[in-house]
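One structure is given here, and the rest of the page talks about it.
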Amino acid sequence: MGDKNAARKPPRRTRERILEASLRLFNEYGEPNVTTQLISDDLGISPGNLYYHFRSKDEIIESLFADFERRIEDTLAAPERRLPDVEDVWLFLHLVLESVWDYRFLYRDLTELISRNRLLETHFQRILRHQIHTAELICDGLVASGQMRASRGEIHSLAVTMTMTATYWLNFEFVREPRRPVDAAALGRGAFHVMSLAAPYLVGRSRELFEQLAQRYLPDGAT
């Protein structure tokens, strides 16, 4: 028999617990509606204990944003080993939207957050530029492999529109039906609608594959 203590997981540090609870509460209620007192109460710790690790709610937000930024930047690293195909685009969109979903409070309260936090403002601008650049690289690859027909100007416009749609998709879902919780199924719909922006430029097998993917995610023609 092995050492029981060796198999026992180390307890999570208070700092990690604060970040996990804050992310959950921010996502559920919206960042403006969550106070440090609420976070402390949720964890069963004193406000002083929380302030020992984070001097303000903005410090918590910036730490969560740093985690999000590392994740989204990894996702936005365009594949370089081979030319992309439509399935690569579909996977890329899902990974981006999954990151948005897991840190959805950032997008739900985006205008409020960047209007008061210069760090988030500048870093979000960088993320958007990276998203547009990666979308352009993917479209360039599709054109190079004969799966898409589009000019450089059309590709840039398409990349901007795809980035804009992905950025505000969950907000659109919420506004459309505010009394229905936005769930993970919205990611599939979002990926479809972002991908549909590129559909008119797809040719041959790529267009057929897009239509097959659309049937998989929208079997009844739902939106």
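Numbering of residues begins at 1 and proceeds along the displayed sequence. Only heavy atoms go into these numbers, but all of them, side chains included; no hydrogens, no water, no symmetry mates.
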Drop me the distance from N27's CG to D102's CG, to the nearest 0.5 angstrom. 8.0 Å
Intermediate values then yes/no, side chain to side chain contact (heavy atoms under 4.5 Å, CB included), D67 and L23: CA-CA 11 Å; D67 292 339; L23 179 60; over 6 Å; no
To check you understand the geometry: which heavy-atom pair defines the closest contact between S40 and P47, and what is its length? OG-CA, 3.6 Å
Are L76 and Y168 co-members of a hydrophobic cluster defined by side-chain heavy atoms under 4.5 Å apart? yes
Output, in order, the C-alpha distance, side-chain angles, deciding distance and verdict of side chain to side chain contact (heavy atoms under 4.5 Å, CB included) for V34 and I39. CA-CA 7 Å; V34 176; I39 298 169; 3.7 Å; yes
Given the rule that I, L, V, M, F, W and Y join up when any side-chain heavy atoms are under 4.5 Å apart, are Y103 and F172 in one cluster? yes
Check whether any side-chain heavy atom of Y107 sits under 4.5 Å from a side-chain heavy atom of F68, and report yes or no. yes
Within the 3.5 Å criterion, strictly below it, is a donor on T163 or Q131 matched to an acceptor on the partner's side chain? no
Using side-chain heavy atoms (C-beta onward) and a distance below 4.5 Å, is T167 in contact with L110? yes
Honestly curious: do M162 and M164 fall in one hydrophobic cluster under the side-chain, below-4.5 Å linking rule? yes
Go through the steps for T75 and E98 under the test side chain to side chain contact (heavy atoms under 4.5 Å, CB included), then give the verdict. CA-CA 10 Å; T75 300; E98 283 174 4; over 6 Å; no
State, yes or no, whether a side-chain contact exists between L158 and I155 at a heavy-atom distance under 4.5 Å. no
Tightest non-hydrogen contact, residues A166 and L97, listed as O-CD2, 3.8 Å
Verdict with reasoning, H156 to E136, per side chain to side chain contact (heavy atoms under 4.5 Å, CB included): CA-CA 6 Å; H156 176 70; E136 288 178 327; 2.7 Å; yes
Is L106 close to F124 at the side-chain level, that is, under 4.5 Å between some pair of heavy atoms? yes
Distance check, rounded to the nearest 0.5 Å: M148 atom CE versus E154 atom CD? 9.5 Å
Output for pair (F26 CZ, F105 CZ), nearest 0.5 Å, gives 6.0 Å
Would you call E31 and R108 a salt bridge, using N to O less than 4.0 angstrom? no
Please round to the nearest 0.5 Å and tell me the distance separating atom CG of L120 and atom CD of Q125. 11.0 Å
Just by distance, do the side chain of S196 and the backbone of H193 share a donor-acceptor pair under 3.5 Å? yes
Does the side chain of R152 reach to within under 4.5 Å of the side chain of D140, using non-hydrogen atoms? yes
Indicate yes or no: at least one non-hydrogen side-chain atom of R205 is less than 4.5 angstrom from one of Q147. no
Which heavy-atom pair separates L64 from S22 by the least distance, and what is that distance? CD1-CB, 4.2 Å
Which atoms form the tightest heavy-atom contact between L93 and A191, and what is the distance? CD1-O, 3.7 Å
Relative to the ring of F192, is the ring of W90 parallel (under 30°), tilted (30 to 60°) or perpendicular (over 60°)? perpendicular
Correct closest heavy-atom pair for S99 and R71 would be OG-NE, 3.1 Å
Could you tell me whether a side-chain N or O of R149 sits under 3.5 Å from a main-chain N or O of L202, the two making a donor and an acceptor? no
For the pair H123 and F65, name the ring-plane relationship: parallel under 30°, tilted 30 to 60°, perpendicular over 60°. perpendicular
Taking the ring centre of each residue, are F210 and Y201 less than 6.0 Å apart? no
Which distance, rounded to the nearest 0.5 Å, do you find between the CD of E112 and the CG of N117? 10.5 Å
Under 3.5 Å side-chain donor-acceptor pair for D41 and Q37: yes
Is E20 salt-bridged to R24, going by a charged N under 4.0 Å from an acidic O? no
Is S63 reaching over with its side chain to a backbone N or O of E59, donor-acceptor style, under 3.5 angstrom? no
Donor-acceptor pair, side chain of T35 and main chain of L38, under 3.5 angstrom: yes
Note, L170 side chain near F174 side chain (heavy atom, < 4.5 Å): no
I72-L113 co-clustered via ILVMFWY side chain contacts under 4.5 Å: yes
List the steps and the verdict of salt bridge (Lys or Arg N to Asp or Glu O under 4.0 Å) for R116 and E121. CA-CA 8 Å; R116 74 168 196 253; E121 177 188 345; over 6 Å; no
Quick check on the hydrophobic clustering: are I127 and I132 connected, directly or via other members, by side-chain heavy-atom contacts under 4.5 Å? no
Minimal non-hydrogen separation, L119 against T122, with atom names: O-OG1, 3.1 Å
Pick out which of T36, I60, I61 makes a side chain to side chain contact (heavy atoms under 4.5 Å, CB included) with F54. I60
Roughly how far apart are R13 CZ and I18 CD1, rounded to 0.5 Å? 11.0 Å
